Amino acid sequence: MPRRAIYPGSFDPPTFGHLDVIERAATLFDELVVAIGTNSKKSTFLPVEERVEALQACCAGFANVRVTTFSGLLIEAARSLDSRILVRGLRAVTDYDYEFRIAMANRKLAPEIETVFLIAREEHSFLSSTVVREVATLGGDYTKFVPAPVVERIKRRIEA
Ligand code: ADP
């Protein structure tokens, strides 16, 4: 049985921090499914199709990584993808509380599924989609924070 892990998130937009976690997970597991959650009632910065395309372009070099979307409960998505490993990233200690609560809730709902935490390189540790959205909408240089396929799409979004 191949070890198939899921890396779920909003990826709105994907950043070098996400990519760092993806690279690490791709070396640890046989297959990695990057799964973009579409539950959010909030309006999104990049449409989900653009996030899928951008992540596919970013992951093109990894033969064992694919990108998909999911709605509804994450553990149900994991079960239907036949995966028992959830990958999440940790930045500063401030992420811990939120991630701990989600991991514990998921464990209660699906004891067979394990959450694994990975830590990005320190130069990516401050990066979040929120920071990128703020810098980009306020006219700052966001190109240092996101890979090229994401830069193009943010540019179009801002100029639209
Ligand atoms: P969500 O909206 O589900 O929190 P995000 O798209 O913001 O999803 O992030 C997905 C996962 O990636 C989360 O576990 C988050 O902590 C992690 N992550 C985001 N940015 C970084 C980073 N710079 N370093 C490490 N992990 C990160």
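The basis for the numbers below is simple: all heavy atoms, side chains too, and nothing from hydrogens, waters or symmetry mates. The shown structure was predicted, so the numbers you read here are calculated from the model rather than taken from an experiment. When a ligand or atom number is given, it counts from 1 through the structure's own listing order.
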Under a 4.5 Å cut-off applied to non-hydrogen side-chain atoms, are Gln56 and Arg66 in contact?
no
Take a 6.0 Å sphere around [atom1] of [X] and say whether it holds more than 12 heavy atoms from other residues, nucleotides or ligands.
X      : atom1 : answer
Glu122 : CD    : no
Arg156 : CZ    : yes
Arg133 : CZ    : yes
Arg157 : CZ    : yes

Write out the residue and atom name of the closest protein heavy atom to [atom], then the distance separating them to 0.1 Å.
atom                    : value
atom 16 (O) of ligand 1 : Gly89 O, 2.8 Å
atom 7 (O) of ligand 1  : His18 NE2, 4.1 Å
atom 8 (O) of ligand 1  : Ser10 N, 3.3 Å

Please list, in number order, the atoms of ligand 1 under 4.0 Å from a heavy atom of [X].
X      : answer
Gly17  : 22 (C), 23 (N)
Val21  : 25 (C), 26 (N)
Gly9   : 3 (O), 6 (O), 8 (O), 10 (C)
Ala120 : 24 (N), 25 (C)
Phe11  : 6 (O)

Would you call the rings of Phe145 and Phe126 parallel, tilted or perpendicular if under 30° counts as parallel and over 60° as perpendicular?
perpendicular
So how far is it from Cys59 SG to Glu23 CD, rounded to the nearest 0.5 Å?
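Going from SG on Cys59 over to CD on Glu23, the span is 9.0 Å.
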Does any N or O of ligand 1 fall below 3.5 Å from an N or O anywhere on Ser128, backbone included?
no
If hydrogens are left out, which of His124, Arg91, Glu99, Arg88 has an atom nearest to atom 4 (O) of ligand 1, that is, the closest non-hydrogen atom?
Arg88
Any sub-3.5 Å donor-acceptor pair from Asn64's side-chain atoms to Asp30's backbone N or O?
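Side chain of Asn64 to backbone of Asp30, a donor-acceptor pair under 3.5 Å: yes, one is there.
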Tyr7 near ligand 1 by a heavy-atom separation under 4.0 Å:
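Distance cut 4.0 Å: Tyr7 passes for ligand 1.
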